[in-house]
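What follows is one structure encoded as structure tokens, with my remarks underneath.
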Protein chains: 2
Amino acid sequence: MSTTSQRIADVLAGRILRGELAPGQRITQDELAADLSASRIPVREALRILEQRGLVTLRANAGAWVASMSRRDLELSYEIRERIEPLLLLDSLPGLTDEHLDAMRTTQDEIAATDDVETFLDLDRRFHWTSYAGSSETQLSAIIARLWDTTQPYRRAFARLAGSQGSWVISAEHELLLEALRRRDGDVAAHVLSLHIRRTKVALLEHGDLLSTGG
Amino acid sequence: MSTTSQRIADVLAGRILRGELAPGQRITQDELAADLSASRIPVREALRILEQRGLVTLRANAGAWVASMSRRDLELSYEIRERIEPLLLLDSLPGLTDEHLDAMRTTQDEIAATDDVETFLDLDRRFHWTSYAGSSETQLSAIIARLWDTTQPYRRAFARLAGSQGSWVISAEHELLLEALRRRDGDVAAHVLSLHIRRTKVALLEHGDLLSTGG
DNA sequence: CGCGGTTGCAATGGATCCAATCAGACCCTA
DNA sequence: TAGGGTCTGATTGGATCCATTGCAACCGCG
């Protein structure tokens with residue numbers, strides 16, 4: 001069995017990523033401890049773990065809050081991803097099996113079929129991370145996972161606003177990516193991925209009001 | 001005054017970055033607590049803080065170690081830096097004052113004059129981070145700071161092996177960077193920086209034996 | 001009526017104590 | 001003698017209790 005700290009961190013991370021807790025919202029140690037039937041010690045460690053993942057902001061002698069990003073931070077996050085996710089994809093490609101590609105195929109079909117925002121977010125995440133499954137766990141994947149996590153609330157807000165408009169663009173880009181991966185063409189795949197992220201960034205930032213969920 | 005956790009984290013980080021503790025070396029909570037006259041609670045939090053900075057590796061019910069990287073991780077760290085440090089530099093450039101540039105000028109003169117490895121590492125770090133001083137604290141600078149921190153032991157090992165050979169190349173690149181920044185030529189500055197990092201990576205990885213310090 | 005200081009409470013930070021876990025040595029057996 | 005199992009010690013993880021900090025309401029003074 002894992003530690004209590006890790007269990008608490010997992011539960012809290014899930015709540016944040018599912019949007020049950022909004023960016024900027026206060027988190028009190030006592031409350032969480034009582035809620036999960038533990039003392040405050042593992043709660044404090046869990047908050048440290050989530051600070052590390054960028055999901056929580058801590059201030060000494062003041063407390064903890066669900067992390068929120070400035071518009072500039074959000075923009076830079078996408079520009080980082082645009083430059084290093086292709087790196088991870090190239091590192092992953094040699095290790096990608098046909099089973100991985102089949103799984104991506106299936107996931108993409110489900111993406112094209114869904115209208116629910118939460119389902120889409122989940123599937124989109126799965127689609128891309130399956131493409132990274134050929135790479136071993138490194139600092140690179142950790143950094144990217146963190147960027148995905150911290151921007152998740154804003155992706156959700158955007159997806160809600162945009163509705164299903166433009167979802168066909170995403171599907172088209174996913175198809176291009178998938179085809180390039182099948183041909184084992186790393187250069188094209190990396191390029192498509194880079195463009196995919198850049199276009200998402202632009203679309204997302206056009207909605208200036210999506211930062212209203214928290215400062 | 002800050003918290004005890006933060007103070008312990010700072011002390012331990014300093015020891016690791018100065019090379020007093022080698023990668024892979026065990027850290028026991030009791031020892032650290034006794035050494036710094038504190039209980040184990042803030043020590044545990046300090047270890048979490050340093051795990052966040054990538055300086056310490058934690059395993060549940062087993063303990064803490066000074067973090068070490070695989071060769072592949074080291075290589076990827078440089079490839080990430082090569083792609084995103086130019087981004088930080090471009091973000092910083094509008095905010096860079098003449099005072100910043102003068103400080104870089106002075107630091108570079110000191111770099112050219114020194115033969116001591118520790119002094120060089122310190123000055124080189126200062127040179128580049130001064131060039132980022134025009135940017136506000138974002139996730140981007142945090143990621144890069146982390147990459148600098150975690151690769152520090154290997155930079156040190158390389159600098160010792162290489163001695164002062166090739167230090168003129170570094171100085172030449174720094175001069176090019178400085179000149180481009182003075183002209184406010186972001187494109188050239190970013191390009192020089194990218195090449196600077198890439199060349200450093202290649203030189204560093206040629207020494208396959210520098211990973212001997214820890215596994 | 002507005003501002004500064006003070007007081008009280010709520011929440012966090014830290015210390016001590018106890019329980020659970022892991023690593024290694026030792027012993028017993030085949 | 002080699003292998004496996006058990007037992008013991010050391011170390012980490014967690015709970016309870018106390019100290020400290022920060023925030024806010026309240027009171028007094030100008």
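Numbers restart at 1 for each chain; the letters A, B, ... are given by sequence-line order, proteins then strands. Any value given below was found using the heavy atoms of this structure, including those in side chains, with hydrogens, waters and symmetry copies removed.
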Problem - More than 12 heavy atoms from other groups under 6.0 Å of CZ on A:R184 - result: yes

Problem - Full working for side chain to side chain donor-acceptor pair (under 3.5 Å) between B:H100 and B:T97 - result: CA-CA 5 Å; B:H100 287 132; B:T97 65; 3.1 Å; yes

Problem - Donor-acceptor contact below 3.5 Å, side chain B:R83 vs main chain B:E79 - result: yes

Handout entry: Separation of D:dG13 P from A:R48 CZ (nearest whole Å)
Key = 16 Å

Exercise for the section: On DNA chain D, check which nucleotide each of B:A62 and A:A62 is closest to and give me the residue with the more 5' one. Expected result: B:A62

Fill in the blank from the handout: Sorted by number, residues from residues 27-34 of chain B placing a heavy atom under 4.0 Å from DNA chain D are B:I27, B:T28, B:Q29, B:D30

Exercise for the section: Report the C-alpha separation of B:V11 and B:L32 in whole Å, then their side-chain angles, then the decisive distance to 0.1 Å, and conclude whether the side-chain contact (heavy atoms from CB on, under 4.5 Å) test is met. Expected result: CA-CA 10 Å; B:V11 170; B:L32 238 186; over 6 Å; no

Practice task
Could you tell me the separation between the CG atom of A:N61 and the P atom of D:dA19, rounded to a whole number of Å?
Solution key: 16 Å

Fill in the blank from the handout: In B/S/- notation (B base, S sugar-phosphate only, - none; protein heavy atoms under 4.0 Å), nucleotides 14-19 of chain C written 5' to 3' is BBB---

Exercise for the section: Would you confirm whether A:R53, through its side chain, and A:A145, through its main-chain N or O, come within 3.5 Å as a donor-acceptor pair? Expected result: no

Exercise for the section: Under the side-chain contact (heavy atoms from CB on, under 4.5 Å) rule, collect the residues that match up with B:L90, sequence neighbours excluded. Expected result: B:A190

Handout entry: Cation over ring face, B:R155 and B:F158, 6.0 Å, 45°
Key = no

Practice task
Measure the shortest side-chain to side-chain distance between B:H174 and B:T107 over non-hydrogen atoms and say whether it is less than 4.5 angstrom.
Solution key: no

Problem - Length of the line joining B:R59:CZ and C:dC22:C1', which is rounded to integer Å - result: 9 Å

